[in-house]
There are 2 protein chains.
Amino acid sequence: MIIIIIMLKAEKNTNCDCGCGPTCGCASGKRCSRRRKAVLQTLSEAKGHLTAEQVYRSVGQKLPGTGLATVYRSLKCLCGCGKARELKYGDRPAVYEAAGVRSPHGHLLCLACGAVREFSDPAADRLRERLAAEYGFAPQAGWLEIRGTCARCAGVKERK
Amino acid sequence: MIIIIIMLKAEKNTNCDCGCGPTCGCASGKRCSRRRKAVLQTLSEAKGHLTAEQVYRSVGQKLPGTGLATVYRSLKCLCGCGKARELKYGDRPAVYEAAGVRSPHGHLLCLACGAVREFSDPAADRLRERLAAEYGFAPQAGWLEIRGTCARCAGVKERK
DNA sequence: GTTCTTGCAAAGGCTTTGCAGTTCT
DNA sequence: AGAACTGCAAAGCCTTTGCAAGAAC
């Protein structure tokens with residue numbers, strides 16, 4: 001199986017005036033602590049997508065002692081601010097990526113092997129526009145996801 | 001937020017020779033017990049999508065005493081056989097629908113209110129074909145998912 | 001009789017939350 | 001100082017699994 005996710009548009013503003021509650025710790029105070037910055041930096045430097053666990057390990061090297069909960073809270077805060085995006089594939093753990101680093105792109109994920117690939121396709125934009133007009137949806141922070149079977153995994157069970 | 005999911009193609013065969021292991025209970029024996037039938041029937045009769053919990057309650061009325069675990073196992077089995085489909089939206093519980101009852105369609109889901117809508121769009125097929133050719137993916141059981149903000153939750157354009 | 005299916009309860013994985021101490025403006 | 005942020009551990013949610021009993025072929 002494959003999931004194709006197409007980032008259609010950038011999210012919110014980049015200023016930390018997101019609406020996330022006090023839990024995520026960036027609602028009113030809008031502070032940007034070292035850990036939070038480290039989390040964002042980790043995402044920005046990453047080539048692909050990272051799970052919270054991976055971010056946790058990476059940040060742990062820069063700022064020893066950083067807790068997993070903090071990473072989760074930071075990720076949530078960053079996503080709320082539009083500085084990061086969260087992607088979920090089926091029952092796999094969520095993966096994150098920094099927003100704005102690259103242009104909107106699609107994601108290809110094979111549920112069998114879990115690999116994620118990116119791509120861009122103008123058809124996605126047209127589709128988005130049509131749907132937006134037809135259903136009144138505003139997929140501003142949206143993406144497009146398709147599941148199927150990737151080439152490699154399809155080749156494996158080709159004998160069927 | 002919205003997720004637009006487009007069913008691109010029907011899944012596997014409808015015969016119960018799926019590859020799911022002994023856990024789901026339909027690998028080699030291919031039995032179709034009353035509970036399993038009840039689960040499938042519930043999905044078929046449902047207008048929209050149902051969560052495992054909803055299926056559980058529904059089946060519980062037809063066949064009192066049916067356990068939640070059985071429902072989950074049945075759903076997994078049915079999905080493996082291609083008789084049902086599982087849809088996951090972000091961190092919400094998975095929802096299910098019977099396959100083959102209706103023609104392939106897309107799904108619109110608002111993450112804010114959780115509502116799911118369906119639609120069809122030829123652009124989805126074209127997109128699928130192009131991606132299949134370009135990346136060698138076979139989104140046979142796939143769908144297309146877009147996230148954004150739905151009309152009602154956006155509190156703006158009212159137009160169905 | 002053998003193999004598959006169930007119920008119940010317990011476990012599991014990922015993520016969130018409570019709380020008290022720490023850090024930042 | 002006062003509000004945010006953090007770590008740790010515990011809790012939560014949805015889903016899966018272990019096991020013995022029951023049902024199907």
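Chain letters run A, B, ... following the sequence lines, proteins first, then strands; residues in each count from 1. What's counted below: heavy atoms across the whole structure, side chains too, no hydrogens, waters or symmetry copies. All values reported here derive from a predicted model rather than from experimental measurement.
Distance, A/Leu75 CG to C/dT16 C1': 13 Å, rounded to whole Å. The CG-C1' distance, from B/Leu50 to D/dT15, rounds to 17 Å in whole Å. Taking atom CZ of residue A/Arg36 and atom P of nucleotide D/dG7, one finds them 11 Å apart after rounding to whole Å. When the P atom of C/dT15 is taken as reference, atom CD of A/Gln54 falls 11 Å away, rounded to whole Å. What separates CG of B/Leu87 from P of D/dT15 is a distance of 12 Å, to the nearest Å. Rounded to a whole Å, the OH atom of A/Tyr56 is 16 Å from the C1' atom of C/dG13. The NZ atom of A/Lys37 sits 14 Å away from the C1' atom of D/dA4 (whole-angstrom rounding).
Here A/Cys79 contributes atom SG and A/Leu43 contributes atom CG; the two are 8.0 Å apart, rounded to the nearest 0.5 Å. Distance check: B/Cys77 SG to B/Arg36 CZ gives 3.5 Å after rounding to the nearest 0.5 Å.
Two residues are said to be in side-chain contact when any heavy atoms from C-beta on lie closer than 4.5 Å; A/Leu50 and A/Tyr96 fail this criterion.
At C/dT15, none of the side-chain N or O atoms of A/Lys76 fall inside 4.0 Å of OP1 or OP2 (strictly under the cut-off). At C/dG7, one or more side-chain N or O atoms of B/Thr66 fall inside 4.0 Å of OP1 or OP2 (strictly under the cut-off). Taking side-chain N and O atoms only, A/Ser33 has no distance below 4.0 Å to OP1 or OP2 of C/dC24. For the OP1/OP2 pair of C/dG7 and a distance below 4.0 Å, the side-chain nitrogens and oxygens of B/Arg35 include at least one atom meeting the criterion. Residue B/Arg34 places none of its side-chain N or O atoms closer than 4.0 Å to OP1 or OP2 of C/dT6. Distances shorter than 4.0 Å separate none of the side-chain N or O atoms of A/Tyr72 from OP1 or OP2 on C/dT16.
For the side-chain hydrogen bond (donor to acceptor under 3.5 Å, both in side chains) with B/Thr42, the lone residue among B/Lys62, B/Gln61, B/Lys37 that qualifies is B/Lys62.
Distances were taken from every side-chain heavy atom of A/Leu68 (C-beta onward) to each of D/dC14, C/dT17, C/dT15; the shortest belongs to C/dT15. Looking at the side chain of B/Arg73, the nearest of the listed nucleotides D/dC19, D/dC14, D/dA9 is D/dC19.
Distance alone, capped at 3.5 Å, places no donor-acceptor pair between the B/Ser58 side chain and the B/Gln54 backbone.
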